[in-house]
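Remarks on the structure that follows.
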Amino acid sequence: MSRPTTIGFVGLGNMGRPMAANIATAGFALIGFDAAGTADRLPAGAQAAAGIADLASRCDTVLLSLPNGAVVMSVIAELVAAADRRATTVIDLSTVGPAVAAQAAGALGDVGVLYCDGPVSGGVAGARARTISLMFAGPDDIIAGHRSLFESFAGHLFHVGGTAGQGQAMKLVNNFLSATALAATSEAMTFGTRHGLELSTMVDVVNVSSGRNTATSDKFPNRVLTGSYDAGFRTALMAKDVQLYLRSVTAAGTPDAIAAAMDGVWQAADAAMPGSDFTEIWKVVSEVRVGEA
Ligand code: NAD
């Protein structure tokens, strides 16, 4: 596959904005669009599209970084309907789950557009620093043609499979483990504090002991103990990912005991603190409500 000459980017939010900025900085011709307003989210050097149809008429490859599967499918419906479409490939960086990926691949495939999934992980700080991982599922020639594009905004590129949705499955594996580590660490640390243990002491002990995980090595020292709660990933998005994982596990018929428990914990955290950063689950679990912390 020849390299795309112009890239479209839909969804310039917490993750999309720094990824798009790195693509533009690397010198790719970039056209962006965000439904909440493109001009103030557009990185320097990029052009604004008036909408999805306009964007599709001006680029070869479209990248998506959108909040959920319903939004992705609505944008794909607009791409399918676009009359003057030049775009031949859509690469979805959002987390939407394998079922939506398959649906998207079918809808675009019907009009001769290839859908691949390449969900990302590593947070907003990682997106800014170009250290995020990208889990690509799609044909060999597509990853070959887009390698320099991917490397402009991701530090770790994995080709996890050839079928749409396999990147999503990989991403759900990762986020379920991340969600479980943070929720379980919050529960365990709450138990420790009831026994008079200092939070910082527990984090130090666990980080050189066998309970170490991404919550103890990163979220607790950098976002909870500092009181900043600024990972840049909303509780609502993690609750969405855990629910997607649970649904996908149910569809796959694989064990779901911990997934079911995590779904309850994360849905409750989102309901208790709408709009919160996901590291604030500590406040819910430890029963320190927002405003009292
Ligand atoms: P976000 O809500 O900050 O950004 C989404 C953007 O999409 C918003 O700017 C919104 O205005 C825009 N949008 C919504 N509907 C649209 C439409 N119809 N057309 C065009 N633009 C539209 O979300 P985010 O944190 O940037 O996450 C985006 C995706 O990346 C999600 O699927 C999320 O699960 C995933 N993700 C996020 C992180 C993170 O740390 N934030 C990490 C890895 C993956």
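Along the sequence shown, residues are numbered consecutively beginning with 1. Each ligand, and each atom within it, is numbered from 1 in the order the structure gives.
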Test of proximity, [X] against ligand 1: N or O pairs below 3.5 Å:
| X | result |
| --- | --- |
| G232 | yes |
| K240 | yes |
| A231 | no |
| N14 | yes |
| G123 | no |
| S74 | no |
| T95 | yes |
| N68 | no |

| task | Establish, from distance only, whether the side-chain atoms of N213 and T185 form a donor-acceptor pair under 3.5 Å. | result |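 The answer is yes; a qualifying pair exists.
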
Could you see which bit of [X] sits under 4.0 Å from ligand 1, with heavy atoms only: side chain, backbone, both or neither?
| X | value |
| --- | --- |
| K171 | side chain |
| L66 | both |
| V75 | side chain |
| D34 | both |
| I132 | neither |

Let me know which of L64, L63, I7, D117 forms a side chain to side chain contact (heavy atoms under 4.5 Å, CB included) with I91.
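Considering L64, L63, I7, D117, a side chain to side chain contact (heavy atoms under 4.5 Å, CB included) with I91 is found only for L63.
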
Taking the minimum heavy-atom distance to [atom], which of [options] ranks first?
| atom | options | answer |
| --- | --- | --- |
| atom 14 (C) of ligand 1 | S65, G11, G13, P67 | P67 |
| atom 23 (O) of ligand 1 | L237, T38, L55 | L237 |
| atom 1 (P) of ligand 1 | M15, E78, R234, M19 | R234 |
| atom 43 (C) of ligand 1 | L244, D277, V120 | V120 |

For Y245, check ring-ring contact (aromatic ring centres under 6.0 Å, His included) against everything at least two apart and list the hits.
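For Y245 the ring-ring contact (aromatic ring centres under 6.0 Å, His included) partners, ignoring immediate neighbours, are F176.
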
#### Entry: CG on L108 to CG on D92, rounded to 0.5 Å
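Those atoms lie 9.5 Å apart.
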
- Task: Measure the spacing between CG of L172 and CG of L177 and express it to the nearest 0.5 Å.
- Result: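 Nearest 0.5 Å value for the CG-CG distance: 11.0 Å.
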
*Nearest-contact summary for atom 19 (N) of ligand 1 - protein heavy atom, Å*: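 Here the nearest protein heavy atom works out to A35 CB, 3.6 Å.
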
Would you say the side chain of F233 lies within less than 4.5 Å of the side chain of D241, judging by non-hydrogen atoms?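 SC-SC contact between D241 and F233 confirmed.
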
Close side-chain approach of D277 to T235, heavy-atom, < 4.5 Å =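 No - every pair of side-chain heavy atoms lies 4.5 Å or more apart.
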
Without swapping roles, check the side chain of Q168 against the backbone of P98 for a donor-acceptor pair under 3.5 Å.
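No; zero donor-acceptor contacts below 3.5 Å.
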
- prompt: When the ring planes of F136 and H159 are compared, do they come out parallel, tilted or perpendicular, using 30° and 60° as the limits?
  reply: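 Tilted: the ring planes of F136 and H159 meet at 30° to 60°.
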
May I ask you to decide if the ring planes of F150 and F153 are parallel, tilted or perpendicular, using 30° and 60° as cut-offs?
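It falls in the perpendicular class, over 60°.
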
Identify, with sequence neighbours excluded, every residue that meets side chain to side chain contact (heavy atoms under 4.5 Å, CB included) alongside A268.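 Here no residue qualifies.
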
### Query
Contact between R17 and ligand 1, counting heavy atoms under 4.0 Å?
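No, R17 has no heavy atoms under 4.0 Å from ligand 1.
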
Problem - In one Ile/Leu/Val/Met/Phe/Trp/Tyr side-chain cluster, 4.5 Å: F28, L157 - result: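 Yes, because F28 and L157 connect within a single hydrophobic cluster, where side-chain heavy atoms sit under 4.5 Å apart.
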
